[in-house]
Number of protein chains: 2
Amino acid sequence: MGTRIQPGPRERLLTAAQRLSYEQGVNVGVDALLSAANVARRSLYEHFGGKDGLIAEVLRRAAAEDLDRYRSAIAAAGDDPRQRLLAVFDMLDEIVTTPGFRGCRYLGADLALAEPAHPAHAVTQQYRQSLHDLLAHEVQRLRLPRPGHVTDQLMLLIEGTLATGAARPTSRPARDARELAQHILS
Amino acid sequence: MGTRIQPGPRERLLTAAQRLSYEQGVNVGVDALLSAANVARRSLYEHFGGKDGLIAEVLRRAAAEDLDRYRSAIAAAGDDPRQRLLAVFDMLDEIVTTPGFRGCRYLGADLALAEPAHPAHAVTQQYRQSLHDLLAHEVQRLRLPRPGHVTDQLMLLIEGTLATGAARPTSRPARDARELAQHILS
DNA sequence: CTCCTGGTAGAACGTTCGGTCTACACCGGT
DNA sequence: ACCGGTGTAGACCGAACGTTCTACCAGGAG
């Protein structure tokens, strides 16, 4: 059964690694992951084949969660596609102003992992594609000219918001981005 | 004297580290830096006190070069502040489409170095402040309302361009950003 | 009861990490 | 001629890296 009193080692490892790989970066050591999860060394290699596999799985899980946050924010903003898309930047404002925000996890992974063959890269690519599709679906309904172009610009604003939020913590990049998004969508 | 047939070990080390710390990330090993620069281990510690000092100095040098690129691009664009600012995004288009582009060096350093006390963070902060001032000076001449706000938005577009260029190499984020910049500046 | 599965605990592997150290060579200045 | 400064070459250190290994233990199924 999936549910026990305490989550199994696989679950504990994923939870701890999701937190630590964000706080400390994906180059965090295996020992730190194991002791944070209270998991035996062996379990890591049985469940994920190695650190790379764990990191990739962590990113997959985080991607699913983050996409759900985008979907929830959009769904809660009513029916107007314009308002639904602007709601994304309201959600981003919350995220980047939350203490402990350290930038976009996926960009951080791509920059930190130099080897192009690392399985993490495929996960981040897939994540961005899903997010792009999510936005494109809303943009489509607006019947604007060049919908693909508009979607790319929204993606750029999102990446810029997360990057600026990490680089200049005093600023409020999501507000700036939201204003720019309003320009695009009108 | 400063000029010899071959640059001294300090110069070689800076040059090699500037390249390697970008290609491989700032977590590149000391041995890789030393062998790439053909420099004795000892020289690193005599000249920079350690790897952290070298990384910080590399970022300082890169920042000076990058700021000069911005200044040159702006200066070459004539007298109209609007055209001068848009020229920044033309320059960025060149940068992000150049093979081997791996994103913003300074954001990469901030994300990869988890310890807040690392000297690199002060350098990246200073770099962004200088870039911000550079843009603000041009924005000021436009006599727009909320010039600080506009400058922040331009910074966000720049960060977004560099992040997107690294994350989605097939896109042309600088063009999208330039179009948004035109909206801001009009 | 016995056996198997899946978990823990931890030693140990070889490699790499950043950093310190010794030994020696070159070269310009006095 | 000599000396001090600066460089190279490379051994060496303790620690951390990712990984593999053995030994043991709990719980459920046969």
Distances for protein N/O vs nucleotides 22-27 of chain D N/O pairs under 3.5 angstrom?
{"unit_1": "D:dT22", "atom_1": "O4", "unit_2": "A:Arg42", "atom_2": "NH1", "d": "3.4"}
{"unit_1": "D:dA23", "atom_1": "N6", "unit_2": "A:Arg42", "atom_2": "NH1", "d": "3.3"}

Numerically ordered, the residues 18-33 of chain A set in heavy-atom contact under 4.0 Å with DNA chain C is none
Provide, to the nearest angstrom, the distance between the CG atom belonging to B:Leu13 and the P atom belonging to D:dT6.
17 Å
Is any side-chain nitrogen or oxygen of B:Ser43 closer than 4.0 Å to OP1 or OP2 of D:dT6?
no
So which protein N/O to nucleotides 13-15 of chain C N/O distances come out below 3.5 Å?
none

With no hydrogens and no angle check, is any side-chain donor or acceptor of A:Thr98 less than 3.5 Å from a backbone partner on A:Glu94?
yes
The test is side chain to side chain donor-acceptor pair (under 3.5 Å); show your working for A:Ser130 and A:Gln126 and say whether it passes.
CA-CA 6 Å; A:Ser130 301; A:Gln126 175 59 48; 3.1 Å; yes
Any N/O pairs under 3.5 Å between the protein and nucleotides 12-14 of chain D? List them or say none.
none

Should A:Val58 and A:Arg105 be marked as a side chain to side chain contact (heavy atoms under 4.5 Å, CB included) after you check the CA-CA gap, both sets of side-chain angles, and the distance that decides it?
CA-CA 11 Å; A:Val58 161; A:Arg105 175 197 292 277; 4.1 Å; yes
When you measure from the side chain of B:Tyr70 to the backbone N and O of B:Met91, does any donor-acceptor pair fall under 3.5 Å?
no
Which is it for B:Glu115 and B:His121 under the side chain to side chain donor-acceptor pair (under 3.5 Å) test, yes or no, and what are the steps along the way?
CA-CA 9 Å; B:Glu115 323 93 57; B:His121 295 302; over 6 Å; no
Is it true that the side chains of A:Ser186 and A:Gln182 contain a donor and an acceptor less than 3.5 Å apart?
no
Begin from the C-alpha positions of B:Leu54 and B:Leu14 and carry the test side chain to side chain contact (heavy atoms under 4.5 Å, CB included) through to its verdict.
CA-CA 7 Å; B:Leu54 172 60; B:Leu14 281 172; 4.0 Å; yes
So, do B:Arg19 and B:Gln24 sit near enough that their side-chain heavy atoms are less than 4.5 Å apart?
no
Given atom CG of A:Leu44 and atom P of C:dA9, what is their separation to the nearest angstrom?
15 Å
Under 4.0 Å between any heavy atoms, over every strand shown, what does A:Arg10 touch: base, sugar-phosphate, or nothing? Just pick one.
nothing
Mind checking whether A:Asp176 and A:Arg172 have side chains closer than 4.5 Å, heavy atoms only?
no
Taking B:Asn38's backbone N and O only, do any of them form a donor-acceptor pair with B:Arg12's side chain (distance below 3.5 Å, no angle check)?
yes
Contact list for DNA chain D against residues 109-123 of chain B - heavy-atom distance below 4.0 Å:
none
Ignoring hydrogens and geometry beyond distance, is a side-chain donor-acceptor pair present between A:Glu11 and A:Gln6 at under 3.5 Å?
no
Going by number, which of residues 45-62 of chain B have a non-hydrogen atom under 4.0 Å from DNA chain C?
B:Tyr45, B:Gly50, B:Lys51
Taking atom types as modelled and ignoring hydrogens, do the side chains of B:His47 and B:Glu57 form a donor-acceptor contact shorter than 3.5 angstrom?
no
Hey, what's the ring geometry for A:Phe101 with A:Tyr22, parallel, tilted or perpendicular (30° and 60° as the breaks)?
tilted
Before giving the answer on side chain to side chain contact (heavy atoms under 4.5 Å, CB included), spell out for B:Arg175 and B:Phe89 the whole-Å C-alpha distance, their side-chain angles and the decisive distance to 0.1 Å.
CA-CA 7 Å; B:Arg175 291 190 172 182; B:Phe89 294 93; over 6 Å; no
Can you tell which of A:Thr161, A:Asp93, A:Leu162 makes a side chain to side chain contact (heavy atoms under 4.5 Å, CB included) with A:Pro173?
A:Thr161
Run the side chain to side chain contact (heavy atoms under 4.5 Å, CB included) check on A:Val39 and A:Leu44 step by step: do they pass?
CA-CA 8 Å; A:Val39 155; A:Leu44 192 165; 5.6 Å; no
Return yes when atom CG of A:Asp68 has more than 12 non-hydrogen atoms of other residues, nucleotides or ligands closer than 6.0 Å, and no otherwise.
yes
After noting the C-alpha distance and the side-chain angles of B:Ser171 and A:Asp152, does the key distance pass the side chain to side chain donor-acceptor pair (under 3.5 Å) rule?
CA-CA 8 Å; B:Ser171 62; A:Asp152 283 348; over 6 Å; no
